[in-house]
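Data first, discussion second: the structure below is written as structure tokens.
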Number of protein chains: 2
Amino acid sequence: MRIRVAECTVRYEGRLNAFLPMATRLVMVKADGCVAVHADGGAYKPLNWMNAPNTLTEDDDMWTVLNPKGEKLIIEFGEIHFETDLEMGEDPGLQKDGVELELQRLLAERPETFGVGMALIRREYPTPIGPVDLLCRDGDGTTVAIEIKRRGEIDGVEQLSRYLEFLNRDTRLAPVRGIFAAQEIKPQAKLLAADRGITTVEVDYDDLRGSDSEVMKLF
Amino acid sequence: MRIRVAECTVRYEGRLNAFLPMATRLVMVKADGCVAVHADGGAYKPLNWMNAPNTLTEDDDMWTVLNPKGEKLIIEFGEIHFETDLEMGEDPGLQKDGVELELQRLLAERPETFGVGMALIRREYPTPIGPVDLLCRDGDGTTVAIEIKRRGEIDGVEQLSRYLEFLNRDTRLAPVRGIFAAQEIKPQAKLLAADRGITTVEVDYDDLRGSDSEVMKLF
DNA sequence: AGTTCCATGTCGCGG
DNA sequence: CCGCGACGTGGAACT
């Protein structure tokens, strides 16, 4: 990784045009060729950048970064305060844990969370426009499509609506009703769901995890 | 801005849990207190980070970053290869040009782009679920709701559909038809729009800007 | 503060 | 390679 701290101006021409007046900034060039220009503030996002793949041309006090899409990043340097180049090697990468899939797994194990007699048909039930998180049958024998989100927003309701549209064309399943489940559902999403005849359910992740541990303890 | 390149492990506990095994990485601490851990590759996004506001506690070879929401970032250092701390001063900030609002402004000035006799009623016409970009009346006196995006994708069609749903409940406006305008419209979005009876229009930003300059020159 | 929508979103997966 | 959905989305604008 190459790091240069210097006075510079930056011009980006691509999906939009942008310009940075002369100031002191950090320019980072990673091993994969991606370039990022950081100010000393403003979260982790750089002011300007160019992702790999690209080509960096160094020309006197000017760097030109081009990518195959025709985007261009031009950095013109003034005084260079500091520069270094360090070997860092491969990164083993990030291990994550505890997102939507986990919630889905927990709820798939406990369909009765959504009503007495609710039974799972299958997870990730395929439709032409993508898989429904859970497809179930309720106590009355009605098919139920369940969409699960960590945070329930209007998009999720739209997504479920589209699934329902398609599922209801399948005469073997129709009529299909919808349940929208999330840890927290925004008022606007609740409103739209109600308007569409979709039930909303707020689920408690810790409770689910807790009862999961309970179940585990029995074995 | 403080920069340290060192062997380290990183643990994040917050909205999810994540762990980085020991490896050489760059740790950046900006003036506003935000912390970012970068590998030598993978675009501009850090492997792990903590945005301001937060508190950094240095304890021997371990840094603990806490934020008011209870999220936690723990960095444990091994060998330190390099460290520096540089003054960079305020950044004048990025000047952008050519985004959605600009497109909206240009099209609001030229409603006839969407058909002969098209007249603007107002920009950002309010509905209970958000403002419609342009509300117009066409040559036949029919109300037209126009949604403008830089890139036309399925979400935009959904958004316009929702607006139309609400606008058509207003007996003073109904029937309202929809136009979906963007510099570029994805095939899937066109398909969905057609299915919903929404017209799609691809507009040329440079043409619009050009004719804008023309208009300017007349005065 | 809460909510909505934009973004040079980025990223990963599956067709 | 495109389409599509998730993201610790982040960030701005507006109520």
Side-chain angles (χ1 to χ4, degrees), chain A residues 10-18 34-37 42-52 54 65 67-73 93-94 96-101 103-104 124 126-133 147-151 153-156 158-160 162-163 184 186-189 191-192, chain B residues 10-18 34 36 42-52 54 65 67 69-73 94 96-104 124 126-131 133 147-151 153-156 158-159 162-163 186-189 191-192:
Chain A
V10 185
R11 209 148 42 86
Y12 165 75
E13 292 169 23
R15 283 172 273 188
L16 57 69
N17 298 322
C34 75
V35 181
V37 181
Y44 68 71
K45 197 179 181 179
L47 293 163
N48 253 319
W49 69 93
M50 185 77 85
N51 284 350
N54 62 42
V65 191
N67 79 0
K69 280 182 270 184
E71 294 171 278
K72 196 194 297 187
L73 190 73
L94 190 64
K96 285 187 188 185
D97 159 41
V99 245
E100 186 191 321
L101 243 127
L103 207 57
Q104 193 194 113
E124 301 288 350
T127 79
I129 49 164
V132 181
D133 287 341
E147 177 66 27
I148 300 164
K149 293 276 180 232
R150 195 170 54 77
R151 280 181 352 201
E153 300 185 13
I154 218 158
D155 283 11
E158 294 290 9
Q159 194 180 340
L160 179 55
R162 288 199 296 273
Y163 292 148
E184 182 208 343
K186 293 282 161 71
Q188 296 261 359
L191 211 82
L192 183 64
Chain B
V10 185
R11 208 148 45 86
Y12 165 75
E13 291 169 25
R15 282 175 271 187
L16 58 69
N17 297 320
C34 75
Y44 68 71
K45 198 179 180 182
L47 292 164
N48 255 317
W49 69 93
M50 187 75 88
N51 285 349
N54 62 41
V65 191
N67 80 0
K69 279 182 271 181
E71 294 171 278
K72 196 195 293 188
L73 189 74
L94 189 64
K96 286 186 189 185
D97 161 39
V99 246
E100 184 190 320
L101 240 124
E102 178 73 357
L103 207 58
Q104 190 193 117
E124 302 286 351
T127 78
I129 51 165
D133 287 342
E147 177 65 27
I148 300 165
K149 292 274 177 234
R150 194 172 54 76
R151 281 182 349 203
E153 299 183 17
I154 219 160
D155 283 12
E158 294 289 9
Q159 194 181 340
R162 289 197 295 274
Y163 291 149
K186 291 282 158 73
Q188 296 261 357
L191 210 84
L192 184 64

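Here is how names work: the chains are called A, B, and so on, in the same order as the sequence lines, proteins then strands, and each is numbered from 1. Only this structure's heavy atoms are used, side chains among them; waters, hydrogens and symmetry mates stay out.
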Indicate whether OP1 or OP2 belonging to D/dC4 is found under 4.0 Å from a side-chain N or O atom of A/Gln159. no
Pairing residues for B/Glu153 by the side-chain hydrogen bond (donor to acceptor under 3.5 Å, both in side chains) criterion, not counting sequence neighbours: B/Arg151
Starting at CG of B/Asn51, measure out to NZ of B/Lys69 and round the result to the nearest 0.5 Å. 8.0 Å
For atom CD1 of B/Ile148 and atom P of C/dA7, their distance in whole Å: 13 Å
Partners meeting side-chain contact (heavy atoms from CB on, under 4.5 Å) with A/Asn54 (sequence neighbours left out): A/Met50, A/Val65, A/Asn67
Gap between atoms CD and P, on B/Glu71 and D/dC7 respectively (whole Å): 14 Å
Rounded to whole Å, the OH-C1' distance (A/Tyr163 to D/dC4) equals 9 Å
Residue-phosphate contact under 4.0 Å: B/Arg150 side-chain N/O, C/dG9 OP1/OP2: yes
Contact check, side chains of A/Leu16 and B/Arg150, non-hydrogen atoms, under 4.5 Å: no
Contact between B/Asp155 and B/Lys149 at the side-chain level, heavy atoms closer than 4.5 Å - yes or no? no
Just how far, in rounded Å, is P of D/dG3 from CD1 of B/Ile154? 10 Å
Closest to the B/Glu147 side chain, choosing from C/dT8, D/dG8, C/dC6: C/dC6
Between D/dC4 and D/dG8, how far apart are the two P atoms, rounded to whole Å? 22 Å
Would you mind building the protein contact string for nucleotides 10-15 of chain D? One character per nucleotide, 5' to 3', B for base within reach (heavy atoms under 4.0 Å), S for sugar-phosphate only, - for untouched. SS----
In whole Å, what is the span from the CG atom of B/Leu47 to the P atom of C/dC11? 10 Å
Provide the distance between the two C1' atoms, one in C/dA7 and one in D/dA6, to the nearest whole Å. 15 Å
Please give, in whole Å, the distance from C/dT3 C1' to A/Glu153 CD? 9 Å
Interatomic distance, B/Leu191 CG vs D/dG3 C1' [rounded to whole Å]: 13 Å
Picking from C/dT8, D/dG3, D/dG8, the nucleotide nearest the side-chain atoms of A/Asn48 would be C/dT8
Could you give the OH-to-P distance, from A/Tyr12 to C/dA7, as a whole number of Å? 12 Å
Could you walk me through whether B/Leu192 and B/Glu158 pass side chain to side chain contact (heavy atoms under 4.5 Å, CB included), step by step? CA-CA 9 Å; B/Leu192 184 64; B/Glu158 294 289 9; 4.0 Å; yes
Is the closest side-chain heavy-atom distance between B/Leu73 and B/Asn48 below 4.5 Å? yes
